[in-house]
Each structure stands twice: as structure tokens, then as C-alpha cells.
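When a ligand or atom number is given, it counts from 1 through the structure's own listing order.
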Amino acid sequence: MRTTRSVDLPVLYFGTPVALITTVNPDGSSNISPISSAWALGSRYLLGLGSEGQAAANIERLGDLVINLPSADLVYAVEAIAPTTGRSPVPAEKVPAYRHERDKWGLGNFSPVPSDTVVPPRIAECPVQIEARVAQVVPIDDGNALAVEAEVLRVHVHEEILKTHGPDRIDTEKWNPLSYAFRHYFAQGPHVGSNFRAPLLDEPVVVS
Ligand SMILES: Cc1cc2nc3c(=O)[nH]c(=O)nc-3n(C[C@H](O)[C@H](O)[C@H](O)COP(=O)(O)O)c2cc1C
């Protein structure tokens, strides 16, 4: 038996993909919020958002959002906008680590593309862009954060990461998501195996 030790970790970020959430500000401009508390189950996406952020405020006001998934080569663009918030004034608990930035698009060199079904634009540089609408928001951690359930409405994917033949499928050899673990960024590692259901994904019928 391997021995374990009870530890006191400052964060429990064991590794999840980075997502860039685009939302609409009260003045009609749009904001980009990097997060890593994001995962999908069926047609629902679940997000964890600090309640002091601009993304949380925007989502509570207008339930539209886009979940943009960057590839590993966008790491510097993501980190360029990382120390900023769309909130002004910057909330006390974010001072001095964060500064206010109105135009995260310019700061990260990101290009907006209009969405089909929601108001916030998509990020052209992200290979995956998921239009979604909030289904429910649950306050967690004594109101310090929000668990957001969003219904996926439309998924856009760069042609380069799709399989060239058959039904619409991501080619996992070509998709290199940016991951975040313990405040460090990682690219996709080697392919070490396949799930028993993987071949079923190549059938036209969608399986969950
Ligand atoms: C890679 C990365 C992952 C992050 N993950 C989250 C997260 O899951 N949830 C969250 O609320 N903030 C997360 N943050 C912090 C937010 O990006 C930060 O609070 C930012 O100021 C939010 O912007 P906004 O206030 O304009 O929405 C993350 C930051 C980075 C760089």
C-alpha cells in the first residue's frame, strides 16, 4: 500500500481545461473571463464563477454566454488578460492582484465574431466556441461563488480540428486544449488509451 499524508493545499486545481467565457457588459460591450471550473454533461455545461467577477454579474443580468475553449498555443493571450477584471471599481478582495480592463479583446489580441443564438460574441481564435444560455444559478460557498448550469445552444469548431470524413467529430489528434493545474498551464499529453465507448462516437447516432 502506498502511504498518504493529510495535506493542506491552498488550491485544489488538479487540472481542467481553460475556458474563456464571453459575456455582455451593461454598456453593451463584451467581457472575457478566463476560468477553469468548467465541465460538460450531456447538453449542459457547468461553470464555477467567483461572485465578485464581472462574468458573474453579467450572467446574472443577461443569461447569455459563450464558452470558448482555447488551444495550448493561446497560453500567452490567456495570461495577458489573466490579471484583469471587467469590474470597476475592482472589488476589494481582488486588490492588488487584479486591475480593471475594459478591453480584454485588445489586451489579449482576440477577435470577436457574432454568435448565432446569443448576444455575446465568440472568440475567433478559440478552436471551440459554445453558445449557451443559463438554466440555473446556484450560490455556493456562502455566496462567494456561483455554480452556473448552462444549456448548450450551438457549438462551433474550427475545421482544422474536425475529422475529415464521416459525421461531425473532433479529431483528438488535432485538438490540443490548454489545461490548468495548480496555477500552471499545460498542453495535451500523449494518448495513453481509449474508453470502451470511443468507437461508438464514430457512429452517426450521438451517445452520451
Ligand atoms: C487559467 C485561469 C483559470 C481561472 N479559473 C477561474 C474559475 O474557474 N472561476 C473563477 O471565477 N475565476 C477563475 N479565474 C480567475 C478569473 O479569471 C478572474 O477572477 C478574472 O478577474 C475574472 O474576470 P471578470 O471579473 O472580468 O469576470 C481563473 C483565472 C485563470 C487565469
Side-chain angles (χ1 to χ4, degrees), residues 9-41 44-110 112 118-121 123 125-128 130 132 134 137-150 176-188:
L9 300 175
V11 292
L12 298 172
Y13 306 157
F14 284 91
T16 39
V18 174
L20 299 177
I21 307 303
T22 45
T23 55
V24 172
N25 294 317
D27 67 359
S29 63
S30 53
N31 188 46
I32 307 176
S33 310
I35 71 164
S36 58
S37 303
W39 48 271
L41 189 64
R44 301 292 161 140
Y45 233 95
L46 277 293
L47 313 173
L49 295 179
S51 41
E52 294 299 328
Q54 187 64 27
N58 286 347
I59 280 175
E60 287 205 293
R61 204 184 56 259
L62 170 76
D64 285 10
L65 64 148
V66 181
I67 303 150
N68 303 272
L69 302 182
S71 46
D73 57 359
L74 289 173
V75 61
Y76 297 110
V78 171
E79 191 53 20
I81 66 168
T84 68
T85 173
R87 273 289 289 273
S88 177
V90 178
E93 55 273 30
K94 295 186 107 164
V95 176
Y98 290 85
R99 66 176 194 278
H100 170 64
E101 175 58 56
R102 224 188 141 270
D103 179 20
K104 296 196 201 175
W105 296 88
L107 187 63
N109 245 325
F110 293 115
V118 292
V119 181
I123 300 177
E125 290 77 11
C126 289
V128 180
I130 302 168
V134 169
V137 177
V138 180
I140 57 173
D141 189 17
D142 296 329
N144 289 318
L146 305 176
V148 176
E149 175 193 345
N176 188 16
L178 179 63
S179 300
Y180 193 57
F182 297 104
R183 300 216 161 104
H184 296 273
Y185 297 100
F186 294 87
Q188 185 93 298

Peer 1: At less than 4.0 angstrom from any atom of ligand 1, which residues have a non-hydrogen atom? List them by chain and residue number.
Peer 2: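 Correct list: N31, S33, P34, I35, S36, S37, G48, L49, G50, G53, Q54, A55, A82, T84, T85, G86, K94, Y98, K104, Y180, Y185.
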
Peer 1: Could you list all the ring-ring contact (aromatic ring centres under 6.0 Å, His included) pairs where at least one residue sits in residues 11-36, not counting sequence neighbours?
Peer 2: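 Sorted result for residues 11-36: F14-F182.
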
Peer 1: Roughly how far, to the nearest 0.5 Å, is the CD1 atom of I35 from the CD1 atom of I67?
Peer 2: 7.5 Å

Peer 1: Determine whether I123 and V66 satisfy the following criterion, side-chain contact (heavy atoms from CB on, under 4.5 Å), listing intermediate values before the conclusion.
Peer 2: CA-CA 9 Å; I123 300 177; V66 181; over 6 Å; no

Peer 1: Could you tell me which residues satisfy side chain to side chain donor-acceptor pair (under 3.5 Å) with Y98, sequence neighbours excluded, listed by chain and number?
Peer 2: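 For Y98 there are no side chain to side chain donor-acceptor pair (under 3.5 Å) partners, ignoring immediate neighbours.
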
Peer 1: So, using side chain to side chain donor-acceptor pair (under 3.5 Å) as the criterion, who are the partners of E125 when residues are at least two apart?
Peer 2: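 Side chain to side chain donor-acceptor pair (under 3.5 Å) check on E125 returns S111.
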
Peer 1: Check whether the side chains of W105 and S30 place a donor and an acceptor atom closer than 3.5 Å, and report yes or no.
Peer 2: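 Distance-only check passes for W105 and S30.
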
